[in-house]
Amino acid sequence: MSQTITRLFDNYTDAANAVRELEALGIAHDDLSIVANNADKHHGDHDAADHDSVNDHGDVSRGVSTGAVLGGAGGLLAGLGLLAIPGLGPIVAAGWLAATAAGAGIGAAGGAATGSIVGALKNAGTDENDAHVYAEGVRRGGSLVSAKVPDDRVSEAEAVLHRNKSVDAQTRGQVYRESGWTSFDDTAPAYTDAQVREERSRYTTGV
């Protein structure tokens, strides 16, 4: 049996390091996923001709790189690709969670994405309140790592995520709610780069 463990990170570098450590622990990249805000341009603009097109609402249209979201040889991060999920705007993603969230949109009429990151998280067993916090965290500039972990490796996997500075969902959710936030809204406009920088400054330095 296995469990799905999901954690939010304020810093993409921390999330990427966690993914590498999980792979070193023996977790197959097919069982890993990363969904990261692309405000820092982790996936360069020079790849624009190959990634999915994004309209003014932050929706993604059908494109040739969607398959990259499923992962790639050489580890999960080798399969990173650009796409957009409603409410998140352009993101860098790889793995099963991103594919699940965006998959509903790939075949939608007109090509517009209708996938749901909250729905994908809930389907993976994430508590609904945490799912909303995780989705909002990515919208505000964070990175999400999900791993399907055998029961006997859960403690090790959780230790990896913790030492790489994962965010406590309940604590972060409380911070969001204190400013009037209630839940993730996939119809809300994506954060601008300036808004992402401002949000990150609340929790991190040097990002």
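Along the sequence shown, the residues carry numbers beginning at 1. Note that these values count all heavy atoms, side chains included, but never hydrogens, waters or copies made by symmetry.
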Quick check: do [X] and [Y] have side-chain heavy atoms less than 4.5 Å from each other?
X    : Y    : answer
N164 : V145 : no
Y176 : R140 : yes
R197 : D193 : yes
I91  : L83  : yes

Would you compute the distance between atom CG of D31 and atom CD1 of I5 and round it to the nearest 0.5 angstrom?
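Here the rounded value is 11.5 Å.
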Would the distance check show the side chain of [X] and the main-chain N or O of [Y] forming a donor-acceptor pair, the cut-off being under 3.5 Å?
X    : Y    : value
N123 : G119 : yes
S33  : L97  : yes
R177 : G173 : yes
S2   : D151 : no

What about V138 and F184, same hydrophobic cluster or not, with Ile/Leu/Val/Met/Phe/Trp/Tyr joined at side-chain heavy-atom distances under 4.5 Å?
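Per the 4.5 Å side-chain linkage, V138 and F184 are co-clustered.
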Consider only side-chain heavy atoms of I, L, V, M, F, W and Y, link residues closer than 4.5 Å, and tell whether Y191 and L88 are in one cluster.
no
Please say whether more than 12 non-hydrogen atoms of neighbouring residues, nucleotides or ligands are located less than 6.0 Å from CD in Q174.
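Buried by this count: over 12 neighbours within 6.0 Å.
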salt_bridge(R7, D14) N-O dist < 4.0 Å
no
Looking at E156 and R153, is there a salt bridge between them, counting it only when a charged N and a carboxylate O are closer than 4.0 Å?
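The answer is yes: the pair qualifies as a salt bridge.
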Any side-chain donor-acceptor pair under 3.5 Å between T6 and S146?
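Yes, a side-chain donor-acceptor pair sits under 3.5 Å.
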